[in-house]
S.K.: 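Structure below; questions to follow.
Below, chain A is the first sequence line, B the second, and so on; all start at residue 1.
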Amino acid sequence: MTYQQPHTEASVSYPETTAGSPLVAGGVKVAARDANVHYADKHAIKDVTLDIAPHEVTAFIGPSGCGKSTFLRCLNRMNDTIDICRVTGDIRLDGEDIYDRKVDVVQLRARVGMVFQKPNPFPKSIYENVAYGPRIHGLVSHKDELDAVVHGSLERAGLLNEVQDRLESPGTGLSGGQQQRLCIARAIAVSPEVILMDEPCSALDPIATAKIEELIDELRQNYTIVIVTHSMQQAARVSQRTAFFHLGNLVEMGDTETIFTNPEHKLTQGYITGRFG
Amino acid sequence: MTAESGTKSPTERMRATLRRRYAAERRFQAYGIVAIVVALSMLVTLFVTIIGNGAGAFVQHTARLDISVYPQDIDPGREADLDALARANYQSLVNDALYSMFPEATSRQDRRAVRDLISPGAKFVIRDMVMDDPSLIGQRVSVRVPLSSQYDQVLKGNVDPAVDFRVMRESSTEIPWSLPEGERLISDTQAGYLQQLIRQGEVEGSFNRWFFTNGDSRQPELAGIWGAAVGSMFTLMVTLLLSFPIGVSAAIYLEEFAPKNRLTDIIEVNINNLAAVPSIVFGLLGLAVFLQFFGLPRSAPLVGGLVLTLMTLPTIIIASRAALKSVPPSIREAALGVGASKLQCIVHHVLPLAMPGMLTGTIIGMAQALGETAPLLMIGMVAFVVDVPGSPLDPSTVLPVQIYLWADSPERAFTERTSAAIMCLLGFLILMNAVAVLLRKRFERRW
Amino acid sequence: MNTLLVIATILVLALIGFVLGRRRIIRQAEGVYSRLHSLPTYHGHFVALWCAVPALVLLAVWVPLEPKLAMSAALSHFQDDIGIAANLESIKTSTLALLLQVPKDATTIELDALRSDQLDLLRTEIRNMADGTASTGHAAFMEEVASVYAGFRDISTILMVAACVAVAGLGAGVAYSRVRPEMRARNRVETAVRWFMILCSTVAILTTLGIVLSLLFESMRFFARVPITEFLFGLHWSPQMAIRADQVGSTGGFGAVPLFAGTMLISAIAMCVAVPVGLLSAIYMAEYADSRVRAVIKPCLEVLAGIPTVVYGFFAALTVAPLFRQWGESIGLDVSSESALAAGMVMGIMIIPFVSSLSDDVITAVPQAMREGSYGLGATRSETIRRVVLPAALPGIVGGVLLAVSRAIGETMIVVMAAGLAANLTVNPLQAVTTVTVQIVTLLVGDQEFDSPKTLAAFALGLVLFVMTLLLNIIALHVVRKYREQYE
């Protein structure tokens with residue numbers, strides 16, 4: 001089932017939906033209905049409606065400036081940190097409106113973790129980087145427990161073998177790819193349900209990229225993953241479902257295979273065949 | 001899917017700590033607000049204290065005396081020679097006028113108490129008047145002269161808070177003392193004469209012009225800031241004339257011409273360090289080099305200006321270099337491209353664009369120099385100078401040093417004048433900084 | 001005044017040179033400027049520079065030299081004729097005899113045998129007499145000597161004017177004769193300007209050199225009289241030197257440890273006020289306050305930085321110190337009216353904006369990505385600040401605090417006005433202590449002979465102050481620069 005974001009009012013073709021009525025089969029983790037984002041006067045995201053299924057990798061693709069990163073940041077309310085940014089519409093995590101006044105943003109972000117475009121380890125030791133989240137959230141009560149969480153997270157991020165003997169050395173001393181995996185381990189350590197990844201490989205070399213992609217595929221077992229990428233090959237490799245954004249509109253969303261082999265929309269076709277973007 | 005750990009789920013554990021975390025968050029934010037409130041309240045306290053103390057200095061109580069300008073006292077030869085007039089005995093004119101107002105005061109002691117009512121500077125007021133208009137000789141004139149500072153302070157309510165001159169003038173009753181005689185500077189007898197003067201309707205609080213026209217004096221009611229202000233002006237003039245051209249030239253050389261080598265590196269580090277050298281060290285330099293080595297005169301604004309030049313140069317050089325740096329290279333390339341020499345390119349194109357930034361830096365440097373005290377103490381600008389300096393080589397003092405000198409005097413009247421002088425100094429500084437801000441706003445360019 | 005007149009004359013000559021040089025090249029160009037290598041203005045500048053610069057240099061050498069030469073002429077006249085009985089007698093009967101300590105039965109006065117302060121006195125006397133402002137009784141012989149001085153000076157002034165005008169004219173003439181269309185006047189003028197600029201940039205170095213040399217030189221003279229170990233490690237400071245050698249306490253005490261301790265105590269109190277307040281307000285402004293609040297509060301804090309220190313000193317002495325004393329009395333504590341606490345606290349207020357603006361700079365320099373990384377994990381703002389931003393900004397903040405410490409150590413007026421003079425060795429902030437800067441001021445303000453240990457001690461203290469602040473600055477600037485590089 002695919003969705004098409006219309007360019008004119010007349011061509012509205014997706015079914016009337018209300019929040020809660022799933023657009024995808026097999027459960028919904030995150031659901032957005034008519035989400036809009038304004039940066040001061042700029043209308044950055046226009047009426048985006050989509051569902052994200054659990055234990056899948058969903059990829060957001062589109063030309064730069066299309067709003068895919070902005071939308072991603074709406075999902076754990078990272079846009080709150082930007083004063084001029086205003087989000088309207090309805091975004092739900094497990095059926096709960098995340099923009100509701102009752103929802104605590106700190107808890108939300110613990111459930112919806114994030115990995116950024118540029119690896120941003122804290123200027124602390126590797127251990128401290130991973131231990132940071134569990135510590136601030138009070139997830140562990142003694143040192144052994146924390147050690148276990150840190151080791152487990154590093155292991156799941158595929159980094160443990162490389163850094164086991166230098167956990168106390170600074171995280172900023174690692175290579176770019178290792179730093180990014182450290183950031184992933186840091187995100188996993190708070191046991192999120194969803195991990196948002198904002199172009200996680202754009203600053204990395206191909207080998208490091210391959211490792212991260214492999215990791216993303218493994219993580220899918222336990223987490224719901226949303227990844228923004230400017231590389232269509234990457235979207236094709238790692239994701240099960242793909243959404244295509246253009247100028248703030250969600251143009252089309254569907255199974256990755258369908259999107260890449262048989263897109264419904266002309267714009268999508270133009271983009272994936274490399275005619276613009 | 002959430003990874004289970006222990007008996008409680010992470011969500012549950014998180015919820016347990018959440019209240020504590022939010023309390024910490026609020027506490028932390030409160031610390032910041034408290035810090036800002038503390039800093040601002042210090043600022044407010046400072047201003048309130050200064051203004052509260054100093055506002056009174058702009059008013060001086062005066063008494064009207066009917067003076068008979070007897071020619072035999074001041075101009076026996078009736079030739080109106082200015083030199084002779086300047087040296088004549090005006091005090092006797094003042095005394096005569098006073099004694100005639102208080103005919104009952106005949107004993108030495110009483111006469112002295114009567115004389116004390118009026119400032120010893122009254123004679124200068126008369127002198128200046130007569131010298132301006134010698135035709136007054138032989139006439140009877142009515143003059144307002146300042147009251148002595150202790151009486152002035154009493155009437156301002158600074159000695160005894162129960163005394164309010166405005167109320168007293170209306171009711172013309174007894175002075176409503178709340179303090180016993182011993183604690184209020186003036187005795188009952190003195191108070192009697194003061195009251196008599198007030199009853200005769202001769203006392204009035206008016207704008208204190210002497211504060212703005214006189215030099216320093218041992219008598220608070222005659223002490224003014226004009227001498228120090230002129231000294232400051234001369235000092236700043238010397239500083240500006242030297243530091244602006246030198247600072248701008250140095251900045252241009254370092255920014256546009258200097259090769260990148262060890263020497264220019266040293267100069268750069270040196271300038272940065274010089275900016276943080278305590279100002280008193282510059283005073284020591286001035287003492288050892290300008291006074292001892294070159295033998296320049298002590299207490300002169302010229303030397304003060306030289307010392308302050310060395311002190312403000314780093315500020316001006318750093319600001320000017322920043323201004324030059326902000327001019328985009330495309331301007332230089334354009335000028336060089338049409339065959340201008342490097343110097344022409346800088347003088348014709350870069351300098352006009354960088355000038356507002358340089359001027360802003362210079363004004364800020366000048367404001368620093370205007371407020372500077374310590375180095376000037378070292379080169380002897382603390383002398384007690386009554387005369388208003390006429391050139392940068394005359395002994396003089398400057399506004400901040402005048403403040404320092406007055407602050408040392410215990411009299412309430414001097415405290416008042418110190419605060420008033422501070423208000424004037426701050427006024428100048430605010431003006432200079434406002435000009436700097438305006439300049440920056442007006443000419444700010446984004447490339 | 002004479003000097004100003006000569007300068008004015010030279011400048012007028014230079015202006016004439018400019019006009020003439022310009023006119024000559026215009027005539028030579030015959031209306032075709034493209035024949036000229038440089039524009040006519042440059043030829044004018046060329047002549048003017050040749051006219052003014054050598055003459056001004058000559059003037060700059062002559063003016064400081066003149067009184068020295070005149071004085072040595074006068075003194076040699078003094079030495080030559082002092083043997084004449086009448087001359088010696090006239091000195092003996094004047095007050096000068098007392099000041100120079102001439103014995104009643106002296107047959108002559110040897111200038112070489114006089115102490116340097118006595119020699120200075122004699123010089124001043126001669127100068128004052130020549131200027132007609134003598135203070136001591138008029139010895140006939142001294143008037144003779146003074147007239148030698150005045151005569152020499154007058155002749156020298158006339159010579160100076162003549163020489164300067166001649167050099168100016170000569171320079172202008174030579175330059176004028178070299179004005180030719182093919183002459184590269186612009187390049188020469190530009191070279192001259194460039195040299196002027198180089199000269200200007202060396203002023204900063206010369207200043208540092210001047211500071212170091214004068215402090216070192218005077219300190220050496222001090223350490224020749226007072227051992228450096230006593231100065232640096234002695235616990236007793238009382239620099240009152242007796243006038244006569246047999247007076248009590250004639251040796252004075254020059255152990256500066258109490259001063260160093262006092263300086264540290266007051267600086268420490270100042271930092272206790274300035275660092276928390278400055279740092280926390282910087283954090284609030286950088287991380288919490290919205291732009292409108294910031295636009296109001298920041299300039300207000302900067303006003304604190306712009307207030308002259310003498311005003312803070314007055315505030316400390318007039319308001320804060322009596323207030324603390326009162327509070328102390330009301331709870332039964334004995335607080336000195338010149339307590340270190342009052343001076344230190346007001347100094348802290350002065351330093352708040354310094355700390356806050358430096359901290360603000362470093363905090364905003366921490367990349368936004370760090371904060372986002374932390375927010376993304378669900379940290380609150382304060383957790384992000386305390387656990388991520390502040391540790392990252394720590395080196396920069398430390399650098400800023402070091403700069404602030406150096407500022408506190410070198411601060412003079414507040415302590416001069418609000419701290420004590422007595423050199424107590426104590427860590428009790430309620431007592432009066434004195435500082436290095438206070439002592440420098442007290443030792444040097446007022447009339448002193450220049451090379452008594454008392455005044456020289458001020459230079460030794462100045463040297464210590466300079467070295468301490470310099471070290472702090474170098475370390476701080478280094479730390480801050482390293483910090484900036486980390487994020488660039």
S.K.: Please assess C:Y288 against B:I33 for the test side-chain contact (heavy atoms from CB on, under 4.5 Å), listing each intermediate value before the final yes or no.
M.R.: CA-CA 10 Å; C:Y288 286 103; B:I33 293 174; over 6 Å; no

S.K.: Report the C-alpha separation of C:E218 and B:Q292 in whole Å, then their side-chain angles, then the decisive distance to 0.1 Å, and conclude whether the side-chain contact (heavy atoms from CB on, under 4.5 Å) test is met.
M.R.: CA-CA 11 Å; C:E218 306 296 346; B:Q292 289 300 318; 5.8 Å; no

S.K.: Any chance NE2 of C:H478 has more than 12 other-residue heavy atoms, nucleotides or ligands included, within less than 6.0 Å?
M.R.: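 Result for NE2/C:H478: open.
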
S.K.: Which region of C:V416, side chain (C-beta onward) or backbone (N, CA, C, O), has a non-hydrogen atom less than 4.5 Å from a non-hydrogen atom of chain B, or is it both or neither?
M.R.: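 Side chain only.
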
S.K.: Hey, what do you get for OG1 (B:T264) to CD1 (C:I198), rounding to the nearest 0.5 Å?
M.R.: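 Between atom OG1 of B:T264 and atom CD1 of C:I198 there are 11.0 Å.
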
S.K.: Which bit of B:L426 comes within less than 4.5 Å of chain C, counting heavy atoms only: side chain, backbone, both or neither?
M.R.: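 The answer is the side chain of B:L426.
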
S.K.: Hey, mind stepping through C:L470 and B:N273 against side-chain contact (heavy atoms from CB on, under 4.5 Å) and telling me if it holds?
M.R.: CA-CA 7 Å; C:L470 190 69; B:N273 278 319; 4.0 Å; yes

S.K.: Please classify the contact of B:S419 with chain C as side chain, backbone, both or neither, using a heavy-atom distance under 4.5 Å.
M.R.: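 Both parts, backbone and side chain.
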
S.K.: Please classify the contact between B:F282 and chain C as side chain, backbone, both or neither, with a heavy-atom cut-off of under 4.5 Å.
M.R.: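 Just its side chain gets close to chain C.
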
S.K.: Is it the side chain or the backbone of B:F290 that comes within 4.5 Å of chain C heavy atoms, both, or neither?
M.R.: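 The answer is neither part of B:F290.
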
S.K.: Give, as side chain, backbone, both or neither, the part of B:N53 having an atom under 4.5 angstrom from any heavy atom of chain C.
M.R.: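 Side chain only.
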
S.K.: Looking only at heavy atoms and a cut-off of under 4.5 Å, which of B:G371, B:G32, B:A39 has the most pairs with chain C?
M.R.: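 With the most close heavy-atom pairs to chain C, the winner is B:G32.
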
S.K.: Which of the residues C:K68, C:R407, C:R194 is involved in the greatest number of heavy-atom pairs with chain B at under 4.5 angstrom?
M.R.: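 Heavy-atom pairs under 4.5 Å are most numerous for C:R194.
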
S.K.: Heavy-atom distance under 4.5 Å to chain C: side chain of B:Q368, backbone, both or neither?
M.R.: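 It is neither, since no heavy atom gets under 4.5 Å.
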
S.K.: For the CZ atom of B:R26 and the OG1 atom of C:T380, what is their distance to the nearest 0.5 Å?
M.R.: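 Going from CZ on B:R26 over to OG1 on C:T380, the span is 11.0 Å.
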
S.K.: For the candidates B:A367, B:S279, B:S341, B:A383, which exhibits the highest count of non-hydrogen atom pairs separated by less than 4.5 Å from chain C?
M.R.: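 Winner by heavy-atom pair count: B:S341.
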
S.K.: Working to the nearest 0.5 Å, report the span between OG of C:S281 and CG of B:L40.
M.R.: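 The OG atom of C:S281 sits 8.5 Å away from the CG atom of B:L40.
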
S.K.: So which part of B:I364 gets closer than 4.5 Å to some heavy atom of chain C, the side chain, the backbone, both or neither?
M.R.: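 Answer is neither: B:I364 stays 4.5 Å or more from chain C.
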
S.K.: Return the option, out of C:L463, C:L213, C:L304, with the maximum number of heavy-atom pairs under 4.5 Å with chain B.
M.R.: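 Result: the option with the highest number of such pairs is C:L304.
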
S.K.: Look at C:T469, C:I352, C:I211 and state which one has the largest set of heavy-atom pairs under 4.5 Å with chain B.
M.R.: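 That would be C:I211.
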
S.K.: Just give me the residue among C:G410, C:G313, C:C200 that pairs up with chain B most often, heavy atom to heavy atom, under 4.5 Å.
M.R.: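 Ranked by heavy-atom pairs under 4.5 Å with chain B, first place is C:C200.
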
S.K.: Output the option from B:K342, B:R27, B:Q344 having the highest count of non-hydrogen pairs under 4.5 Å with chain C.
M.R.: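 Heavy-atom pair counts peak at B:Q344.
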
S.K.: What part of C:A379 gets within 4.5 angstrom of chain B, counting heavy atoms only: side chain, backbone, both, or neither?
M.R.: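 For C:A379, backbone heavy atoms alone lie under 4.5 Å from chain B.
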
S.K.: For B:T45, is it the side chain, the backbone, both or neither that has a heavy atom under 4.5 Å from a heavy atom of chain C?
M.R.: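 Both parts, backbone and side chain.
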
S.K.: Counting only heavy atoms from other residues, nucleotides and ligands, does the tally under 6.0 Å from OH of B:Y22 exceed 12?
M.R.: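 Atom OH in B:Y22 is packed in, count exceeds 12.
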
S.K.: CD1 of B:I422 to CZ of C:F314: how many Å apart, nearest 0.5 Å?
M.R.: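 Rounded to the nearest 0.5 Å, the CD1-CZ separation comes out at 5.0 Å.
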
S.K.: Does B:F293, at its CZ atom, have more than 12 non-hydrogen atoms belonging to other residues, nucleotides or ligands within less than 6.0 Å?
M.R.: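 Not buried by this count: 12 neighbours or fewer within 6.0 Å.
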
S.K.: Among B:I430, B:I271, B:V277, B:V38, single out the residue with the greatest number of heavy-atom pairs under 4.5 Å to chain C.
M.R.: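 Highest number of pairs under 4.5 Å: B:V277.
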
S.K.: Evaluate the side-chain proximity of C:L444 to B:L284: yes if any heavy-atom separation is below 4.5 Å, no if none is.
M.R.: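 Yes, their side chains come closer than 4.5 Å.
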
S.K.: With a 4.5 angstrom heavy-atom cut-off, is it the side chain or the backbone of B:L429 that approaches chain C, or both, or neither?
M.R.: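 Contact with chain C involves the side chain of B:L429 alone.
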
S.K.: Can you tell which of C:L318, C:L301, C:V189 has the highest number of heavy-atom pairs within less than 4.5 Å of chain B?
M.R.: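 Top option by heavy-atom pairs under 4.5 Å: C:L318.
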
S.K.: Please flag which part of B:Y404 lies under 4.5 Å from any non-hydrogen atom of chain C: side chain, backbone, both or neither.
M.R.: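 B:Y404 touches chain C through backbone and side-chain heavy atoms alike.
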
S.K.: Is chain C contacted by the side chain of B:L274, its backbone, both, or neither, given a heavy-atom distance below 4.5 Å?
M.R.: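 Interface part for B:L274: side chain.
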
S.K.: Calculate, to the nearest 0.5 Å, the distance between atoms CD1 and CG belonging to B:I280 and C:L461 respectively.
M.R.: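 Reported value, rounded in 0.5 Å steps: 9.5 Å.
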
S.K.: Is it the case that more than 12 heavy atoms not belonging to B:F257 sit under 6.0 Å from its CZ atom?
M.R.: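 Enclosed: over 12 neighbouring heavy atoms sit under 6.0 Å from CZ of B:F257.
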
S.K.: For B:A374, is it the side chain, the backbone, both or neither that has a heavy atom under 4.5 Å from a heavy atom of chain C?
M.R.: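 Interface part for B:A374: both.
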
S.K.: Measuring from C:I205:CD1 to B:N270:CG, what's the distance to the nearest 0.5 Å?
M.R.: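 Those atoms lie 5.0 Å apart.
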
S.K.: Here's a test for you: under side chain to side chain contact (heavy atoms under 4.5 Å, CB included), which of B:L46, B:N433, B:L43 qualifies with C:V303?
M.R.: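 With C:V303 as partner, side chain to side chain contact (heavy atoms under 4.5 Å, CB included) holds for just one option, B:L43.
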
S.K.: Select one option (side chain, backbone, both, neither) describing which atoms of C:M468 are under 4.5 Å from chain B's heavy atoms.
M.R.: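 It is neither, since no heavy atom gets under 4.5 Å.
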
S.K.: What part of B:I267 lies closer than 4.5 angstrom to a heavy atom of chain C: side chain, backbone, both or neither?
M.R.: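 The answer is both parts of B:I267.
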
S.K.: Most heavy-atom pairs under 4.5 angstrom with chain B, which of C:E411, C:E383, C:E302?
M.R.: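 The candidate making the most pairs under 4.5 Å is C:E383.
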
S.K.: Quick one: what part of C:L199 sits under 4.5 Å from any heavy atom of chain B, side chain, backbone, both or neither?
M.R.: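 When you check distances to chain B, no heavy atom of C:L199 falls under 4.5 Å.
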
S.K.: Carefully, step by step, assess C:I307 and B:F47 under the rule side-chain contact (heavy atoms from CB on, under 4.5 Å).
M.R.: CA-CA 10 Å; C:I307 294 175; B:F47 273 93; 4.1 Å; yes

